[in-house]
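Keep in mind it's a predicted model, so treat the numbers as computed, not measured. The chains referred to below are lettered A, B, ... by the order of the sequence lines, with proteins before strands, and numbering in each begins at 1.
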Amino acid sequence: MICLAWECTAISDFPSVIALTVEVSLTSLSATSAVTLVALVIGLLMVVVFRYTSDQKAIRVAKDHLKAHLLAVRLFQDQLPVVLSSYRKIIAGTGRYLALAFKPLLFLILPLTLVIMELDRYLGATPLQTGQAFLLTAHAVDPDSLNNLSLQLPPQMTTTAPPVHIPVDNEVVWRVIAKREGNYDVTVVAAGQILSKRAVVSSGLARLSPVRLRGEFWKRIFVSAEPALPNASPIESITLNYPSRNIYFAWTEWNWIWLFFVLSLLAGFLFKTILGVEI
Amino acid sequence: MKRCAKNKWILVAALLLLCPLSTHAYAGPGAGFAVLSSFWTLFIAFLYSLYAFLTWPFRHLVRVLRHRKAYGKAQVTRAVILGFDGMDPELADRFINQGKLPNLAKLGHKGTFRKLRTTFPPISPVAWSTFMTGVNPGKHNIYDFLARDTNTYLPFLSSAEIRGPKRTLKLGRYSLPLGKPRIKGMRHGTPFWHWLGKAGIFCSVIRVPVTFPPEKFDGVLLSGMCVPDLKGSQGTFCFCTTRKDDAKFREGGVRVLIEHNGGAYRSYIPGPDDPLGRPSELRINFEIRPVSAKRQAQITVDSEILNLNVGEYSPWIPVKFRAGLGFSAHGICRFYLKEISPEVEVYVTPVNIDPGKPDLPISHPVTYSVYLSKLFGPYATLGLAEDTWALNEEVLDDQAFLAQCYANHDDRERMLFDALEKTQQGLCACVFDTTDRVQHMFWRYLEEDHPAARNVPKDQRPRVIEDLYSRMDVLIGRVMNQIDDHTLLLVVSDHGFKSFARCVNVNAWLHLNGYLALKANKSESGDWFEDVDWSRTRAYTMGLNGLYLNLKGREREGTVPPEEAEILKQELRGKLDGLIDPSSGRAAITGVFHCNAIYAGPYADNAPDLIIGYGGGYRASWDSVLGKVTTQIFEDNLKAWSGDHCVDPRLVPGVLFCNRKIMEDKPAIVDVAPTILKLFGLAIPSYIDGKPWKVVVDTGTPTGMNVPA
């Protein structure tokens with residue numbers, strides 16, 4: 001268990017390490033350039049890792065067999081038993097091919113997931129804009145705590161409406177506006193505890209954390225970029241609704257993950273051809 | 001502890017994989033490639049299925065309308081023809097009697113074992129052309145591997161003509177080809193599988209000789225003998241060596257010097273001519289790094305790194321000859337590490353057309369060769385894939401040659417069994433060349449006193465041919481196990497075999513007897529009649545059995561008036577028939593056949609004027625075949641190529657085995673096509689020369705009983 005606990009800490013730290021490395025370069029780029037650059041680099045790395053973690057010969061044979069069975073369907077199309085047998089072999093061959101691709105996938109999935117999680121913090125949403133209202137939501141453990149919550153804002157921010165209490169969801173929502181760009185800590189005071197949440201007001205790329213959570217290691221790994229709230233805190237989460245980001249590319253708007261997916265695949269196919277890797 | 005940590009990482013990775021959170025969108029390129037490729041495969045399969053499903057009623061209707069006779073009157077629903085090129089009936093009989101060929105014995109006992117009369121001359125391209133078309137050479141136009149150009153007296157390949165593209169674009173020093181090479185089949189006549197296909201009977205035809213270029217029909221076909229290599233030749237091996245030797249190989253190979261450079265040796269494989277019109281040939285460089293202590297070498301060619309032991313072949317290696325401007329030629333070849341110390345020697349097979357990326361069509365449809373390549377890996381596509389020249393020139397030894405033969409043979413077996421699986425109804429025909437090549441090269445060990453084996457003690461002579469027949473018998477056994485009682489199995493060979501111990505140079509005889517003249521002060525000619533004085537020459541031989549008159553109006557410098565041709569033919573027949581070898585007192589020529597007596601058809605004019613039938617133990621000399629006039633008429637054959645069949649056709653019938661009784665005393669190879677058509681219930685075209693055999697099918701009634709003679 002000790003081993004596992006250490007490894008989990010390492011995992012939670014890993015994004016921060018990456019963040020330090022990529023922050024400087026990413027924040028100086030536009031979102032489109034950043035996605036393109038990252039997709040190219042990731043595409044190349046994935047191809048190289050795939051090359052050295054997969055059974056290249058077996059993959060080549062499996063793919064060749066699949067092609068052969070596909071051709072058999074066409075060549076012997078009037079012979080039903082042959083066609084049916086070829087379909088059976090295509091399905092079996094696809095399974096065999098996927099099984100061969102699974103091993104490199106095991107090597108790739110963990111670092112790739114962590115990298116993409118971190119990239120999502122830069123590219124998944126846009127920072128707050130000056131003069132743009134946003135909602136700050138505190139989710140309490142029980143409805144009784146709601147009346148004891150208060151919000152403390154830095155001087156560059158101000159509320160634009162009274163807080164809204166939603167007892168059925170154990171939530172209090174504040175409508176806030178920022179007057180100047182910068183990284184700020186907004187503070188929620190609950191039962192004497194001071195709990196802060198980072199708010200980023202910027203016109204460029206920035207590392208964003210839309211939520212700060214209590215406990216829940218796995219959930220934090222995927223959605224939060226801030227330390228956990230204290231376990232004894234009456235607040236379960238503080239959420240800030242950063243606007244989601246759409247990237248304009250090739251005459252259309254993309255969610256960054258889809259654009260990354262397409263570009264990294266294209267890069268992968270390009271590099272696999274150049275490097276002669278069977279995928 | 002390490003294992004514990006590893007397991008935990010796997011656990012974490014598995015959790016991440018299975019976690020039903022937003023990670024599913026984070027699959028990224030790693031999983032994406034695999035999933036997309038698989039999806040693509042299944043999508044294509046689905047599209048095919050949809051297409052097949054939607055079009056099936058129409059295709060079925062068309063089939064019913066067009067091929068309503070398919071199987072309607074058929075006596076069999078499936079016929080399997082195994083062609084064993086050169087299988088000899090006398091040897092087969094001998095080995096059967098010795099109990100070494102149980103499956104052939106079973107076929108002979110329950111069905112049929114006969115000698116199969118062959119063609120004039122008994123040469124593979126001639127005989128297999130007759131086999132598939134059912135006509136004599138006068139109707140299919142194949143008389144030898146080579147035919148002669150009456151204008152130049154030079155030979156050309158008789159079966160196919162390959163020329164460059166029709167148009168080219170001149171750009172400075174480049175000449176860009178606009179289009180594909182033009183390939184013209186020279187064999188005429190219609191193979192019987194075309195008639196079957198037309199009637200809706202599916203056919204799989206594998207490596208039947210003289211099927212290049214492949215013709216369209218309703219079935220699949222992989223071309224056989226006469227498919228060229230990437231250089232356009234019938235097989236040019238490459239022998240790379242550090243040993244300095246200016247001697248050229250007589251034919252079939254080139255010697256390339258290996259250069260020593262530091263710890264590595266460098267050489268190259270010569271490829272095809274530059275398609276951009278530059279005067280050089282394309283090349284592929286490769287590097288050899290010997291590891292003397294292990295008797296190994298590492299060979300690097302393109303991106304492939306091969307580690308070979310001395311005496312070991314590489315698998316087929318894809319090679320790409322790049323011409324620039326995006327032009328390239330795709331081939332495959334095998335490397336054989338012959339020696340690494342004190343000299344470095346590497347043999348490279350002729351560069352075969354890559355069946356997975358064929359630059360020339362070698363199958364019908366084109367995708368069939370690709371299909372086989374994807375299913376079984378690269379395979380030999382060259383017509384004469386077994387490199388007999390390399391053994392003849394002592395570049396390969398017996399073992400290396402046999403290894404090459406049987407590797408090709410194993411590929412062919414895989415193709416056959418796949419075709420059997422895919423052709424549950426219809427025709428499956430496959431020709432195996434190993435029988436021919438191995439007998440050509442190892443007949444010397446079968447005889448007591450063959451000149452080519454005199455230095456090998458009798459007790460050290462391997463039983464190669466016996467093993468060969470046993471292997472074929474095992475193959476037949478496997479096929480018999482695969483087929484049901486309703487399938488007709490025919491095992492045929494195009495000709496038999498005889499010893500080739502003595503060479504006869506008929507050109508020398510013609511010269512010495514005043515029919516062929518050399519230029520002044522010349523006692524011998526060069527290859528291809530160099531220094532022959534055509535203005536005084538009346539007859540010459542070219543190729544293996546053909547003798548031509550230098551006919552006025554036909555040959556460029558013809559001297560024999562047409563009205564004297566018949567007299568001259570009779571004169572030559574009279575003198576050559578029964579020509580005695582003075583060293584043995586035996587007849588070196590046992591028959592000289594007049595073309596009018598053996599050929600009839602629209603292409604009979606292209607035939608040799610006389611066909612020479614050599615006696616057992618004799619064949620046209622190596623020089624004579626190449627159009628060289630020497631001073632000696634007779635000489636010993638010292639080459640490994642020690643058995644042959646280019647003799648008197650009456651001496652070398654082929655074999656006919658069948659799992660049915662065939663009521664025919666003197667079956668001939670020309671009868672196979674009409675017999676198959678008859679068995680499938682199709683009408684036999686009137687121009688066909690062969691006669692269908694009376695075959696006893698399941699009912700016990702010979703199928704051909706009602707066929708008019």
B:L375 vs A:D64, test: side-chain contact (heavy atoms from CB on, under 4.5 Å). Steps then yes/no.
CA-CA 6 Å; B:L375 194 60; A:D64 280 350; over 6 Å; no
Work out which heavy atom in A:H65 is nearest to a heavy atom in B:K374; give both atom names and the distance.
CD2-O, 3.4 Å
Which atom of A:A68 lies closest to which atom of B:Y371, heavy atoms considered:
O-CD1, 3.1 Å
Contacts of type side-chain contact (heavy atoms from CB on, under 4.5 Å), residue A:L270, not counting sequence neighbours:
A:I274
Pull out the residues in residues 74-84 of chain A that come under 4.5 Å of chain B, heavy atom to heavy atom, sorted by number.
A:R74, A:L75, A:F76, A:Q77, A:D78, A:Q79, A:V82
Supply the atom-to-atom distance B:T367 OG1 to A:L70 CG, rounded to the nearest 0.5 angstrom.
11.5 Å
For the atom pair OG (B:S303) and CG (A:L275), what is the distance rounded to the nearest 0.5 Å?
11.0 Å
Please look at B:F202 and chain A and tell me whether the side chain, the backbone, both or neither of the residue comes under 4.5 angstrom of a heavy atom of that chain.
side chain
Less than 4.5 Å to any heavy atom of chain A: does that hold for the side chain of B:S373, its backbone, both, or neither?
neither
Give the intermediate values and the outcome of side-chain contact (heavy atoms from CB on, under 4.5 Å) for residues B:K422 and A:S85.
CA-CA 10 Å; B:K422 299 286 189 294; A:S85 161; over 6 Å; no
